[in-house]
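All chains are named by letter (A, B, ...) in the order of the sequence lines, taking the proteins before the strands, and each is independently numbered beginning at 1.
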Amino acid sequence: MEENKPDNRRLDMFLMTNAKYFESHQLPMIRDRLESMDEDRIFRVQTQSYKDPTMMLVVSILAGSLGIDRFLIGEVGLGVAKLLTCGGLGIWTIVDWFLIMGATREKNLERLELASAGY
Amino acid sequence: MNPEVRKFYLLFAALLTGGYLWVAMSWYSDLHLGGGDSEFTICVMKTTTGIPCPSCGATRTAMSLIKGDWAGAFWINPLGILLAAGLLFGPVLLIIDLLMSRRFLYRTWESFQKVISKRKVLIVFGFLIALNWIWNITKGL
């Protein structure tokens, strides 16, 4: 039953290079999940594009009131709402400066889970 | 009610509350009634770059609607009319949903997210927003 199982070094490499995309407390869970996946799924997960939380923070500060930060992490509905309300009367713009990094990491985890489920 | 749904309804209620407070503040302090005298704005874009954003003028549109000038309201910012309608019907729908334990608003939100995420819809939407934005700029809002 060892065919198609990744070796630990590859997994650790992936986790090291991509740790910033996820919440640190989720990394062990991600590692466990990767260990049990076969080659195809691993490939999908590794070639998946993840959003850099720091980059999103920069976007949020520069163009947050247009909802671009939310659009970029894939939350189109929230982005539209933010855009239409002029950055939620400015309040949402400021709130998102603090929330956007966490939200990016959550969305990254969602993408990883989708990739590992075969999408 | 599961946490996702509860989060949505709380957020929605918060947005409505904020909207009403804002409208009330604007109305009673004549922020936008003086015909453009006061230059106060919450738009981060306008304060930093001097260019209005696509939804600039929404408050002035709301003021216009309250005063009864519905045609004029459209000329200030059509999006403002959309927001005003949302502000008007939002509480009603919210209360009905809560009282009757329905999730009409939440399901509408989920459908909206699915529809707007489609490429074609997004392109059309982006185009309309861009048009409105350009219009805002030419109007010097």
Applying a strict under-4.5 Å side-chain criterion to I, L, V, M, F, W and Y, I'd like to know whether B:Phe112 and B:Ile129 cluster together. yes
Is there a chain of hydrophobic side chains (I, L, V, M, F, W, Y, each step under 4.5 Å between heavy atoms) that links A:Met13 to A:Leu34? no
Separation of B:Leu82 CG from A:Leu84 CG (nearest 0.5 Å): 6.5 Å
Evaluate whether atom CE of A:Met29 has more than 12 neighbouring non-hydrogen atoms of other residues, nucleotides or ligands under 6.0 angstrom away. yes
Check chain A against chain B and list any donor-acceptor pairs under 3.5 Å.
{"unit_1": "A:Leu83", "atom_1": "O", "unit_2": "B:Ser55", "atom_2": "OG", "d": "2.7"}
{"unit_1": "A:Leu84", "atom_1": "O", "unit_2": "B:Ser55", "atom_2": "OG", "d": "3.4"}
{"unit_1": "A:Cys86", "atom_1": "N", "unit_2": "B:Ser55", "atom_2": "OG", "d": "3.3"}

Would you say B:Ile51 and A:Leu83 are hydrophobically clustered, going by side-chain heavy atoms of ILVMFWY under 4.5 Å? yes
So, the part of A:Leu78 with a heavy atom under 4.5 Å from chain B: the answer is both
Distance col, row A:Leu89:CG vs B:Met25:CE, nearest 0.5 angstrom, shows 9.0 Å
Tell me whether B:Leu131 shares a hydrophobic cluster with B:Ile123, the cluster being built from Ile, Leu, Val, Met, Phe, Trp, Tyr side chains joined at under 4.5 Å. no
Chain B shares the most heavy-atom pairs under 4.5 Å, among A:Gly88, A:Gly77, A:Gly87, with A:Gly77
What residues form a salt bridge (charged side-chain N to carboxylate O under 4.0 Å, His left out) with A:Asp32, not counting sequence neighbours? none
Determine whether B:Leu88 and B:Leu79 fall in the same hydrophobic cluster, where Ile, Leu, Val, Met, Phe, Trp and Tyr are linked whenever their side-chain heavy atoms lie under 4.5 Å apart. no
Engaged part of B:Ile116 at the chain A interface, taking heavy atoms whose separation is under 4.5 Å: both
Applying a strict 4.5 Å limit to non-hydrogen atoms, the region of A:Leu66 in contact with chain B is side chain
